Amino acid sequence: QVQLVESGGGLVQPGGSLRLSCAASGSIFSINIMGWYCQAPGKERELVATITDDGSTNYATSVKGRFTISRDNAKNTVSLQMNSLKPEDTAVYYCNLKSRRFRSYSYSEVWGQGTLVTVSS
């Protein structure tokens with residue numbers, strides 16, 4: 001049973017920085033993509049950034065140039081460096097893992113419990 005645990009959320013002033021981390025426990029298939037999603041009250045969960053097992057990244061337009069996603073394959077962790085934070089970044093941030101066996105038709109998906117990021121002066 002794979003589990004994801006996020007950490008690093010908190011209160012930060014506009015323009016400040018935070019670094020979120022997500023640790024995956026259990027066995028992870030080699031073919032996978034890890035990412036961060038955010039969800040504000042009353043809003044749908046949205047993509048923030050993803051990174052594949054080979055390091056290919058994808059970012060939401062709103063965070064390009066401000067956030068950086070990275071991973072450590074040996075430790076099965078993924079991080080999100082958040083700079084130049086804005087009040088509109090306030091949300092619960094969730095870690096996500098999608099993975100599959102080689103030649104499998106479908107991906108399995110796991111979500112973390114979420115960590116709250118509040119950007120306010």
Side-chain angles (χ1 to χ4, degrees):
Q1 182 73 26
V2 176
Q3 291 184 310
L4 303 177
V5 180
E6 303 102 327
S7 62
L11 174 64
V12 64
Q13 294 184 338
S17 299
L18 283 175
R19 185 176 179 85
L20 306 183
S21 296
C22 173
S25 63
S27 298
I28 308 298
F29 296 134
S30 297
I31 304 172
N32 65 77
I33 179 168
M34 300 187 75
W36 290 94
Y37 292 73
C38 67
Q39 186 167 24
K43 303 292 185 179
E44 294 184 355
R45 192 169 298 184
E46 299 180 342
L47 170 74
V48 176
T50 61
I51 183 167
T52 65
D53 52 89
D54 65 356
S56 179
T57 59
N58 182 48
Y59 295 92
T61 300
S62 62
V63 307
K64 288 182 179 178
R66 298 190 298 123
F67 294 5
T68 302
I69 189 170
S70 62
R71 65 185 293 164
D72 184 333
N73 289 343
K75 297 181 178 180
N76 286 325
T77 60
V78 62
S79 298
L80 185 69
Q81 179 64 47
M82 309 167 71
N83 298 328
S84 302
L85 284 161
K86 305 174 181 179
E88 50 263 45
D89 295 320
T90 296
V92 176
Y93 285 73
Y94 295 90
C95 183
N96 174 267
L97 168 67
K98 297 183 180 68
S99 64
R100 65 174 177 88
R101 290 185 170 91
F102 181 65
R103 300 180 71 177
S104 174
Y105 288 110
S106 62
Y107 283 81
S108 61
E109 186 171 41
V110 180
W111 291 93
Q113 83 286 352
T115 185
L116 177 63
V117 172
T118 303
V119 184
S120 179
S121 58

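Only heavy atoms go into these numbers, but all of them, side chains included; no hydrogens, no water, no symmetry mates. Not measured: the values here are computed from a predicted model.
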### Task
Output, in order, the C-alpha distance, side-chain angles, deciding distance and verdict of side chain to side chain contact (heavy atoms under 4.5 Å, CB included) for S17 and M82.
CA-CA 5 Å; S17 299; M82 309 167 71; over 6 Å; no

### Message
Run the side chain to side chain contact (heavy atoms under 4.5 Å, CB included) test on W36 and I69 for me, step by step, so that the C-alpha distance in whole Å, both residues' side-chain angles and the decisive distance to 0.1 Å come before the verdict.
### Response
CA-CA 8 Å; W36 290 94; I69 189 170; 3.9 Å; yes

### Query
Stepwise, does the side chain to side chain contact (heavy atoms under 4.5 Å, CB included) test hold for L97 with V2?
CA-CA 9 Å; L97 168 67; V2 176; 3.9 Å; yes

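Side-chain contact of S108 with S99: a donor-acceptor pair under 3.5 Å is present, judged by distance alone. For D54 and S56, the side-chain atoms include no donor-acceptor pair closer than 3.5 Å.
The salt bridge (charged side-chain N to carboxylate O under 4.0 Å, His left out) pairs that include a residue from residues 21-42 number zero, where partners must be two or more places apart or lie in different chains. Identified under the salt bridge (charged side-chain N to carboxylate O under 4.0 Å, His left out) test for residues 70-99, with sequence neighbours left out: R66-D89, K98-E109. Residue pairs that meet the ring-ring contact (aromatic ring centres under 6.0 Å, His included) test with at least one member in residues 58-101, sequence neighbours left out, do not exist here.
Across all their heavy atoms, S106 and R100 have their closest contact at O-CB, 3.4 Å. Closest of all the heavy-atom pairs between V48 and V63 is O-CG2, 3.6 Å. Across all their heavy atoms, L47 and N58 have their closest contact at CD2-ND2, 3.4 Å.
Judged as a ring pair (Phe, Tyr, Trp, His ring centres under 6.0 Å), and not counting sequence neighbours, the contacts of Y37 are W111.
Listed for the D53 side chain is a donor-acceptor partner under 3.5 Å among the backbone atoms of N32. Side chain of T50 to backbone of M34: no donor-acceptor contact under 3.5 angstrom is found.
Side-chain contact between T115 and V92 is absent, with no heavy atoms from C-beta onward closer than 4.5 Å. The side-chain heavy atoms of C38 and R45, taken from C-beta on, include no pair separated by under 4.5 Å. Side chains of L20 and V117 form a contact here, defined as non-hydrogen atoms less than 4.5 Å apart.
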Donor-acceptor pairs under 3.5 angstrom involving side-chain atoms of residues 3-14: please list them, not counting sequence neighbours.
from, atom 1, to, atom 2, distance (Å)
E6, OE1, Q113, N, 2.9
E6, OE1, Q113, NE2, 3.2
E6, OE1, G114, N, 2.9
E6, OE2, C95, N, 2.7
E6, OE2, G114, N, 3.1

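The number of heavy-atom neighbours closer than 6.0 Å to CZ of R19, taken from other residues, nucleotides and ligands shown, is above 12.
Atom CD of Q1 sits about 8.5 Å away from atom OG of S25, to the nearest 0.5 Å. If you take CD1 on I28 and CG on N76, they are separated by 5.0 Å, rounding to the nearest 0.5 Å. Atoms CD1 and CZ, from I31 and R103 in turn, are 11.0 Å apart once rounded to the nearest 0.5 Å.
Summarising the hydrophobic clusters (Ile, Leu, Val, Met, Phe, Trp, Tyr; side-chain heavy atoms under 4.5 Å, direct or chained), the residues clustered with I33 are none.
Under the 4.5 Å side-chain heavy-atom criterion for grouping Ile, Leu, Val, Met, Phe, Trp and Tyr, V110 is connected to I51 within one hydrophobic cluster.
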